[in-house]
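The chain is numbered in sequence order, starting from 1. Remember, predicted model here, so these are calculated numbers, not experimental data.
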Amino acid sequence: MTGKHWIIVLIIIGSSYGIYSGIKDLNQPNNGWTDESRNILIEKCISDSKDMAEKYPKLTKEYCICSIEKIQAEFTQSEYIKISKESIEVQEVKLLPSFQNCLTEYQSEINKIE
């Protein structure tokens with residue numbers, strides 16, 4: 001065992017790095033999403049809804065929260081940024097399936113009111 005203490009030191013350093021990396025990954029919620037980015041996307045969704053946000057503010061906010069949560073659960077922030085740089089048509093194809101249920105529910109609730 002003499003002279004092999006450096007192996008133990010290497011194992012301890014390697015294990016420490018693994019623990020540090022694991023904790024760092026655990027502290028990064030929702031694939032890199034922050035509360036701030038979530039709030040920004042919800043506000044953008046509401047403002048992009050224009051007339052619908054004015055006519056149905058509560059339903060629109062619920063829809064936007066639902067949609068953003070679904071998107072954030074399915075995509076990392078970097079994946080979403082990459083998708084958001086593509087055309088609207090491509091964005092619809094890639095993003096709509098993740099929040100289709102939210103949209104269907106939103107439309108259903110609006111139809112009940114009208």
Side-chain angles (χ1 to χ4, degrees):
M1 192 78 178
T2 314
K4 296 185 182 181
H5 295 289
W6 63 273
I7 294 174
I8 295 170
V9 171
L10 286 177
I11 292 171
I12 291 171
I13 291 172
S15 297
S16 298
Y17 178 75
I19 291 169
Y20 171 76
S21 296
I23 291 172
K24 190 171 109 183
D25 290 345
L26 287 174
N27 287 333
Q28 189 169 9
N30 301 325
N31 298 322
W33 293 102
T34 64
D35 288 340
E36 182 181 2
S37 59
R38 176 185 180 273
N39 293 335
I40 289 169
L41 290 177
I42 290 170
E43 290 302 316
K44 180 160 176 30
C45 173
I46 292 170
S47 69
D48 287 349
S49 297
K50 299 178 182 165
D51 293 338
M52 297 302 282
E54 290 178 23
K55 288 170 105 175
Y56 312 103
K58 184 175 184 257
L59 290 177
T60 301
K61 185 173 183 173
E62 289 172 1
Y63 159 72
C64 289
I65 290 170
C66 177
S67 297
I68 297 308
E69 286 176 351
K70 299 284 186 177
I71 288 170
Q72 289 181 332
E74 188 165 333
F75 300 97
T76 64
Q77 188 168 354
S78 59
E79 289 170 334
Y80 176 78
I81 290 169
K82 185 186 278 187
I83 292 168
S84 69
K85 292 178 181 177
E86 298 185 39
S87 70
I88 296 297
E89 294 79 20
V90 172
Q91 288 181 44
E92 284 181 13
V93 168
K94 290 183 177 181
L95 298 175
L96 186 59
S98 56
F99 66 89
Q100 181 65 55
N101 294 343
C102 302
L103 180 59
T104 302
E105 180 67 24
Y106 180 56
Q107 291 169 335
S108 173
E109 291 299 317
I110 289 172
N111 287 335
K112 288 178 188 177
I113 295 171
E114 293 181 338

Quiz prompt | Step-by-step salt bridge (charged side-chain N to carboxylate O under 4.0 Å, His left out) determination, Glu79 to Lys82 | solution = CA-CA 5 Å; Glu79 289 170 334; Lys82 185 186 278 187; over 6 Å; no
Quiz prompt | Pair Gln107-Leu103, side chain to side chain contact (heavy atoms under 4.5 Å, CB included): steps then yes or no | solution = CA-CA 6 Å; Gln107 291 169 335; Leu103 180 59; 3.9 Å; yes
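Across Met52 and Thr60, no two heavy atoms sit closer than the pair O-OG1, 3.1 Å.
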Which atom pairs, donor and acceptor, lie under 3.5 Å between side-chain atoms of residues 61-71 and protein residues at least two apart or in another chain?
| residue | atom | partner | partner atom | Å |
| --- | --- | --- | --- | --- |
| Glu62 | OE2 | Lys58 | NZ | 3.2 |
| Ser67 | OG | Tyr63 | O | 2.9 |
| Glu69 | OE2 | Arg38 | NH2 | 2.9 |

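Looking at Ser98, its side chain does come within 3.5 Å of a backbone N or O of Leu95 through a donor-acceptor pair. The main-chain N or O of Gln91 is never found under 3.5 Å from a side-chain atom of Glu86 such that the two would form a donor-acceptor pair. Judged purely by atom type and a 3.5 angstrom limit, Trp33 uses its side chain to pair as donor or acceptor with the backbone of Phe75.
Interatomic distance, OG of Ser37 versus NZ of Lys44, reported as 14.5 Å (0.5 Å rounding). With rounding to the nearest 0.5 Å, the separation of CG in Leu41 from CD in Glu36 is 10.5 Å.
Listed by chain and residue number, nothing satisfies the side-chain hydrogen bond (donor to acceptor under 3.5 Å, both in side chains) test with Ser49 (two or more places apart in sequence, or in another chain).
Placement of Ile83 and Ile88 in two distinct hydrophobic clusters is found when ILVMFWY residues are connected by side-chain heavy-atom separations under 4.5 Å, directly or transitively. Residues Leu96 and Ile42 share a single hydrophobic cluster, defined by chaining ILVMFWY side chains whose heavy atoms lie under 4.5 Å apart.
Ion pair Asp51/Lys55 not flagged as a salt bridge, since none of the NZ, NE, NH1 or NH2 atoms sits closer than 4.0 Å to an Asp/Glu carboxylate oxygen.
Using a 4.5 Å heavy-atom cutoff, the side chains of Glu105 and Asn101 are not in contact.
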